[in-house]
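A single structure is presented below for examination.
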Amino acid sequence: MLQAQLKPANLVVTCNQTHSTMAQTDAPSTPVMPITHAKQTAESGSSAQLRHLSRYLVRNLGMLNAAFGDLPLSPVQAHALFEIGKQPLTIKELACKLSIDKSNASRAIKHLIDKNLAQSQIHPRDSRCLVVQLTPAGKKLLLKLDAQQNQLFQEILAQLTPAQTSQIEEALMLYNQAVHNAKHQSGCHIRQATAQDDAAIAKVIRDVSAEYGLTADKGYSVADPTLDCLSQIYSQAGASYWIIELEGRILGGAGIAPLANNEGVCELQKMYFMPEIRGKGLATRVALMALDFARETGYQSCYLETTAALNEAVKLYEKLGFVHLSAPLGNTGHDACEMPMLLELNQ
């Protein structure tokens, strides 16, 4: 069935030790340029279209029907049958796999037990917990369910070329990953930094730098004299810094600022994330926000400097379209960052 192809990907975008440097320039404070109305309208239109397509897909796959195809199962019961057909599960484990609440999972299991399709027994390692598995009748019905779904999707795929099928699979994987990340980012608040955030941001940068051996004596940005007053640097024209806040704690951030002596070029700077918020896709999300800001501000390209030691950061930049340069642009003062990269923003 379709949902079998839509599991959260094993390779989650890791928002961890992303690192770049910043230009040390001073300029009069000016308001940050807001996202234009046209940009907001375009984003709203894309969101509405995707919501419409998602609803349409759910309806046409029969997810709203009382019965799943011609079998005596509701969609939730069918999904439960698939999961416990793979291995015995507790109610909590099933709820997690189906992304539903425990009460909904419990009701689905009760119906399967009432139909003699599943049975529960004491968990072998925890007597306070029940584990559910299929009965012989449940296994037999699962075979019918598999055959029904295989037939349905063979008929669907018969309308598509192999290239189109591959394109849909790739798009659905990306979409599913975005859904997965958005779910796991719940509670994380992204906003522009203020002067009141300076101390917390500096601490994040120092802590993460120390974690990965990016010491001040090696020329990394942790040695910047402006580290404790970043709000002043990012209040200049064409600059901004975003922080990630979770339960009142600042746990990460990233910024954009003009690259000194390089007209039309900005720099993606100081992307650092504490362990608590890594693995949630936040690095990609914040980087995309920063690049949108750069385009709206009128930059033609975005530059960064990183180091090969930060492997996940390099992979993220490459995924975003940054290409490696043979030599750095300008003179940022961060000699230890031996890997300069550039992204053309108008491509």
Side-chain angles (χ1 to χ4, degrees), residues 18-36 38-39 190-195 197-198 201-202 204-205 209 214 219-244 252-272 283-307 310 313-314 316-317 320-347:
T18 318
H19 168 78
S20 59
T21 60
M22 63 176 292
Q24 300 176 28
T25 58
D26 295 310
S29 175
T30 58
V32 173
M33 181 178 292
I35 296 177
T36 64
K39 174 72 173 179
I190 301 175
R191 60 175 175 82
Q192 290 184 318
T194 67
D197 302 318
D198 280 350
I201 296 170
V204 167
I205 294 173
S209 295
L214 308 179
Y220 294 105
S221 60
V222 69
D224 289 352
T226 58
L227 194 60
D228 292 300
C229 55
L230 291 183
S231 62
Q232 296 180 26
I233 301 301
Y234 289 100
S235 64
Q236 65 178 300
S240 188
Y241 195 90
W242 298 267
I243 58 97
I244 301 172
I256 285 283
L259 182 64
N261 302 316
N262 284 267
E263 185 176 355
V265 182
C266 64
E267 189 177 6
L268 181 61
Q269 304 172 341
K270 290 184 167 56
M271 287 187 66
Y272 292 87
T284 298
R285 181 176 173 181
V286 174
L288 290 173
M289 288 179 61
L291 294 174
D292 280 344
F293 168 83
R295 291 185 183 94
E296 292 293 325
T297 304
Y299 291 112
Q300 282 78 54
S301 56
C302 182
Y303 174 74
L304 64 84
E305 291 177 348
T306 188
T307 176
L310 303 178
V314 175
L316 169 62
Y317 298 142
L320 292 172
F322 282 86
V323 297
H324 295 269
L325 301 178
S326 58
L329 297 181
N331 181 18
T332 64
H334 300 116
D335 299 333
C337 294
E338 81 289 353
M339 192 173 289
M341 304 179 76
L342 189 72
L343 172 68
E344 296 297 334
L345 295 173
N346 298 319
Q347 291 183 347

Search all heavy atoms of Gln269 against all heavy atoms of Ala257 and return the closest pair with its distance.
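Heavy atoms of Gln269 and Ala257 come nearest at OE1-CB, 3.5 Å.
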Give me the atom names and distance for the closest heavy-atom approach of Pro258 to Gly238.
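Reported closest heavy-atom pair: CD-O, 3.7 Å.
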Gap separating the CD atom of Glu338 from the CD atom of Glu305, nearest 0.5 angstrom:
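Separation between the atoms: 10.0 Å.
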Ile256 and Tyr299: which non-hydrogen atoms are nearest, and at how many Å?
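Heavy-atom minimum between the residues: CG2-CE1, 4.3 Å.
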Answer yes or no: is there a side-chain heavy-atom contact under 4.5 Å between Phe322 and Leu316?
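Not touching, per the 4.5 Å side-chain cut-off.
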Could you tell me if the side chain of Leu329 sits less than 4.5 Å from the side chain of Pro340, heavy atoms only?
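A side-chain contact under 4.5 Å is absent here.
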Those residues that, when tested against Val314, pass side-chain contact (heavy atoms from CB on, under 4.5 Å) (two or more places apart):
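Checked Val314 against side-chain contact (heavy atoms from CB on, under 4.5 Å); matches are Thr306, Glu318, His324, Met339.
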Under the rule for side-chain contact (heavy atoms from CB on, under 4.5 Å), what residues qualify as partners of Leu288, not counting sequence neighbours?
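Testing Leu288 for side-chain contact (heavy atoms from CB on, under 4.5 Å), a comparison that skips the adjacent residues, returns Thr284, Leu320.
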Does anything in residues 227-243 form a salt bridge (charged side-chain N to carboxylate O under 4.0 Å, His left out)? List the pairs, not counting sequence neighbours.
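Sorted pair list: Arg206-Asp228.
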Nearest non-hydrogen partners of Cys266 and Ala294, listed with the distance:
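Distance-wise, the nearest heavy atoms are SG-CB, 3.7 Å.
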Tell me every residue that passes salt bridge (charged side-chain N to carboxylate O under 4.0 Å, His left out) with Asp197, counting only those two or more places apart in sequence or in another chain.
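Testing Asp197 for salt bridge (charged side-chain N to carboxylate O under 4.0 Å, His left out), a comparison that skips the adjacent residues, returns Arg191.
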Report yes if the side chains of Ile205 and Lys270 come closer than 4.5 Å at any heavy-atom pair, otherwise no.
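Of all side-chain heavy-atom pairs linking Lys270 with Ile205, at least one is under 4.5 Å.
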Under 3.5 Å, side chain of Gln236 to main-chain N/O of Ile233, donor-acceptor pair present?
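Yes; at least one donor-acceptor contact below 3.5 Å.
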Could you work out, with side-chain hydrogen bond (donor to acceptor under 3.5 Å, both in side chains) as the rule, every residue matching Ser231, not counting sequence neighbours?
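Testing Ser231 for side-chain hydrogen bond (donor to acceptor under 3.5 Å, both in side chains), a comparison that skips the adjacent residues, returns Asp198.
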Say you draw a straight line from CZ of Arg285 to CD1 of Ile190; how long is it, rounded to the nearest 0.5 Å?
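Interatomic distance, Arg285 CZ to Ile190 CD1, rounded to 0.5 Å: 4.0 Å.
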What closest approach, in Å, do Leu227 and Ala202 show between heavy atoms, and which atom pair accounts for it?
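Closest pair (atom of Leu227, atom of Ala202, distance): O-CB, 3.5 Å.
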For Asn261, enumerate each residue passing the side-chain contact (heavy atoms from CB on, under 4.5 Å) test, keeping only those at least two apart in sequence or located in another chain.
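In terms of side-chain contact (heavy atoms from CB on, under 4.5 Å), with neighbours along the sequence ignored, Asn261 is linked to no residue.
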Run the ring pair (Phe, Tyr, Trp, His ring centres under 6.0 Å) test against Tyr241 and tell me which residues pass, sequence neighbours left out.
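Result, ring pair (Phe, Tyr, Trp, His ring centres under 6.0 Å) vs Tyr241: Tyr234.
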Between Asn262 (side chain only) and Ala260 (backbone N and O only), is there a donor and an acceptor less than 3.5 Å apart?
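Such a contact is found between Asn262 side chain and Ala260 backbone.
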Is Leu343 close to Leu268 at the side-chain level, that is, under 4.5 Å between some pair of heavy atoms?
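The answer is no; the side chains never approach within 4.5 Å.
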State, to 0.1 Å, how close Tyr303 and Leu325 come at their nearest heavy-atom pair, and which atoms those are.
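Shortest heavy-atom separation between Tyr303 and Leu325 comes out as CE1-CD1, 3.8 Å.
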For Gln300, what residues pass the side-chain contact (heavy atoms from CB on, under 4.5 Å) criterion, not counting sequence neighbours?
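Once residues adjacent in sequence are excluded, the partners of Gln300 under the side-chain contact (heavy atoms from CB on, under 4.5 Å) criterion are Asn346.
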Straight-line distance of Leu230 CG to Thr194 OG1, nearest 0.5 Å:
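Output value for this atom pair is 12.0 Å.
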